[in-house]
Amino acid sequence: MSAISRLRDRMASEGFGAVLVSDPVNVGWLTGFSGTFGRVLVTSTEALFITDSRYVLQAQEEVTDMPTASFASPVDGDVFVAEQAQKLGIAELGFESATTTYLQWQKTAEKMGSVRLKALPDIFSELRMIKSEVEIAKIKIACGIADAGFAHITRMIQPGVSEIDICLDLEFFMRRQGAEIAFPSIVVSGNRSARPHGKPSEKKLEVGDFVTMDFGARVDGYNSDITRTVVVGKATERHHEVYGAVLEAQLASLEAIRAGAKAKDVDANAREILGRKDLAKYFGHGLGHGLGRVVHDGGRLSPTSTDIIAPGQIWTIEPGVYIEGFGGVRIEDDVLIKEDGIEILTHSPKELMVLPSA
Ligand code: ZN
Ligand code: ZN
């Protein structure tokens, strides 16, 4: 079923006859448009894409499933949207309550005339959780580029190279493959690897450092998100112990995540495994998140999650252990949930790598 049919079904069940879509993430999901200013008016029978003069040519190429109406200066965008809504006979118009700012709502409401605005629950992030074949194909390409990025960067890891240089080289490599950067890459080493979301610094790699790299590629608006941790020069028993425990939790989570499972149970299983080595106390974040047009998209694998795993969803699985004064390890893969199991979409090696390899 197309995105727009799924949206219409959901609009009907929520009691909305018409909605205005403004969030670029949702606009892109619904139409394929990749510009910054697009609006979509959707009713049970009609759909209209609205943009401004900067994007008319781009919309001709990208928005093929519905007509486009455009405006140019000095016409006001909100007034134009209101006119189009009135032409479609819309009396009440749902807006995205999750992503519309108060100011934007005020400005739009002022110009709507006879059309009443009504807050739409956050149905989009829920709808986006289930991916189409086309979306899955794009995420697979993004995962392939991230894997290639990891293979590329392992050749550079040695004492004396800085975190920021690794980051820049990795990001340049992925962009050169035609991808965008999914999010600012994390490259942290030694003590700094105990910061789960640390920023790469001028610190140079030293023998005995864990190096954690968390990065992703974006292809046609769809993201990958992968983390690998390696050791520089020589691994101690403690490195093996901590890494081994995180890997065990990660592999067990890949076994545990299945259609029908409760997200919080998958998370609890990983915590239980790390607890056996007394490491659960160092695992402060959730086990994973939904992945799609947004890197931390709808869905959480966490102790408080109410999500149920379902076919068509894509999740990250990323247990981590962060020990102040020693360092941290995180291992993250992206997985597609199928009717009868899962497909792991990232394939970079996970046995502990000591670099540079002899
Ligand atoms: Zn990540
Ligand atoms: Zn992640």
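Counting starts at 1 for both ligands and their atoms, following the listed order. Bear in mind that the values here come from a model prediction, so they are computed numbers and not experimental data.
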Donor-acceptor side-chain pairing of [X] and [Y] below 3.5 angstrom:
X      : Y      : result
Arg293 : Tyr222 : yes
His197 : Asp214 : no
Ser201 : Glu163 : yes

For this session: Kindly say whether Phe33 contributes a backbone atom to a donor-acceptor pair with the side chain of Thr31 at under 3.5 angstrom?
Result: yes

Exercise. Which N, O or S atom name in His289 marks its closest approach to the Zn ion (ligand 2)?
Worked result: NE2

Exercise. Within 45° of the ring axis of Phe95 and under 6.0 Å from its six-membered ring centre, is that where the NZ or CZ of Lys118 lies?
Worked result: no

Problem set entry | Closer than 2.8 Å to the Zn ion (ligand 1) - protein N, O or S atoms, ordered by chain and residue number | Asp214 OD1, Asp214 OD2, Asp225 OD1, Glu332 OE1

Under 3.5 Å, which donor-acceptor pairs link side chains of residues 146-153 to any protein atom two or more places apart or in another chain?
unit_1	atom_1	unit_2	atom_2	d
Asp147	OD1	His347	N	3.2
Asp147	OD1	Ser348	N	3.0
Asp147	OD1	Ser348	OG	2.6
Asp147	OD2	His347	N	2.7
His152	NE2	Asp169	OD2	2.9

